[in-house]
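Order of the sequence lines sets the chain letters (A, B, ...), proteins ahead of strands, with each chain counted from 1.
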Amino acid sequence: MVEWSENERSIISNIFSNLDYNDVGPKALVRCLVVYPWTQRYFSSFGNLYNAEAISTNPKVAAHGIKVLHGLDRALKNLDNIKATYAELSVLHSEKLHVDPDNFKLLSDCLTIVIAGKLGSAFTPEVQATFQKFLAVVVSALGKQYH
Amino acid sequence: MSLTEKDKAAVKALWAKVSKAVDTVGGEALGRMLLVYPQTKTYFSHWPDLNPGSEPVMVHGKLILGGVTEAVSKIDNLSGGLLELSELHAFKLRVDPSNFKILAQSLMVVIATMFPKDFTPETHVAFDKFLAAVALGLSEKYR
């Protein structure tokens, strides 16, 4: 099981309590689709993804970005049992959505960059380490039910 | 995934700004890497202090940033232009090439914190491609 210090719990909680989901969610997904264009394969029903400009103004991308970011809420509420918490979502991503689990890391890297951009110097090395540890645990849990 | 002219222009424009903070960016990136990816500390066991902001970290970070600046100047021929640096990393330092990606990510996080308006998604993809090409250039002489 993953161990979280009091300090780590407080860092994670602070990041999310000050998070503007409606801004960060879309930005993270847009960045993922632009920086790693092959991830667009999962969004053929989203319409115009032809260039960075189109992606960043696409309302379906924005809505989905917010949805995905809120998906992290359950990890926040169940820090001591992330693996079990994401079992259902893992099955969904594997069996229904057919998402290559390598993509989870790509999106989490983009989310890290967006949060870094928003927090600036407040995104200290320590905060970065804790946030990346959190995301790594979620990414691992999302990949657990693949077979 | 080779660099287009648009990518090269984006990298040069970003680096013109980033390289002005030459005294801090490299050190920050290196410090973060050592903290966030502790396995990278194994390459620096000879340093007295591996904490972010320490003297050896800041000095070495500046050196590394100089290397990236050199790579930007040789952006049209990274595999040829980085041969000497590649020999250094291959034969003397023997850094596992997987670490280049790790340092690249740390550098991009620092740039995002310091230059959020400049590090747009389009600049990010160009810079990510560039750092991957640099990593490839540095790996050239490994085997």
### Exercise: identify the closest heavy-atom pair between B/Arg32 and A/Pro125
NH1-N, 3.6 Å
### Message
Quick check for you: to the nearest 0.5 Å, what is the distance between B/His124 atom NE2 and A/Cys110 atom SG?
### Response
5.0 Å
### Connected via hydrophobic side-chain network under 4.5 Å: B/Leu63 and B/Val57
no
### Message
Please say yes or no: joined through hydrophobic side-chain contacts below 4.5 Å, possibly via intermediate residues, are B/Phe44 and B/Val59 part of one cluster?
### Response
no
### Query
Going from OG1 on A/Thr124 to CD on B/Glu28, what distance comes out if it is rounded to the nearest 0.5 angstrom?
9.5 Å
Please tabulate, for the side chains in residues 99-109 of chain B, all donor-acceptor contacts under 3.5 angstrom to protein atoms that are two or more places apart in sequence or on a different chain.
| unit_1 | atom_1 | unit_2 | atom_2 | d |
| --- | --- | --- | --- | --- |
| B/Asn99 | ND2 | B/Tyr43 | OH | 3.3 |
| B/Asn99 | ND2 | B/Asp96 | O | 2.9 |
| B/Gln105 | OE1 | B/Tyr37 | OH | 2.6 |
| B/Gln105 | NE2 | A/Gln132 | OE1 | 3.0 |
| B/Ser106 | OG | B/Ile102 | O | 3.2 |

### Message
Other residues, nucleotides and ligands only: do more than 12 of their heavy atoms fall within 6.0 Å of CD on A/Glu88?
### Response
no
### CE-CD distance between B/Met33 and A/Gln128, expressed to the nearest 0.5 angstrom
11.5 Å
### Query
Is A/Tyr50 reachable from A/Tyr42 through a run of hydrophobic residues whose side-chain heavy atoms are each under 4.5 Å from the next?
no
### Query
Quick one: what part of A/Leu119 sits under 4.5 Å from any heavy atom of chain B, side chain, backbone, both or neither?
neither
### Query
Just wondering, are more than 12 heavy atoms of other shown residues or ligands nearer than 6.0 Å to NZ in B/Lys8?
yes
### Message
Quick check on A/Thr130 against chain B: is it the side chain, the backbone, both or neither that has a heavy atom closer than 4.5 Å?
### Response
neither
### Summary
Within residues 56-80 of chain A, contacts to chain B at heavy-atom distances under 4.5 Å involve none
### Query
Atom OG1 in B/Thr113, atom NZ in A/Lys118: separation rounded to 0.5 Å?
15.0 Å
### Query
Counting only heavy atoms not in B/Glu55, do more than 12 sit closer than 6.0 Å to its CD atom?
no
### Query
Between A/Trp4 and A/Met1, is there a shared hydrophobic cluster once you connect ILVMFWY residues whose side-chain heavy atoms come closer than 4.5 Å?
no
### Task
Of all the heavy-atom pairs spanning A/Gly117 and B/Pro116, show the shortest one and how long it is.
O-CB, 3.5 Å
### Task
Decide yes or no for A/Tyr36 and B/Asp128: does some side-chain heavy atom of the first lie under 4.5 Å from some side-chain heavy atom of the second?
yes
### Task
Treat each ILVMFWY residue as a node, draw an edge where side-chain heavy atoms are under 4.5 Å apart, and state whether A/Ile113 and A/Ile15 are in one component.
yes
### Query
Is the number of heavy atoms from other residues, nucleotides or ligands within 6.0 Å of NZ (A/Lys133) greater than 12?
yes
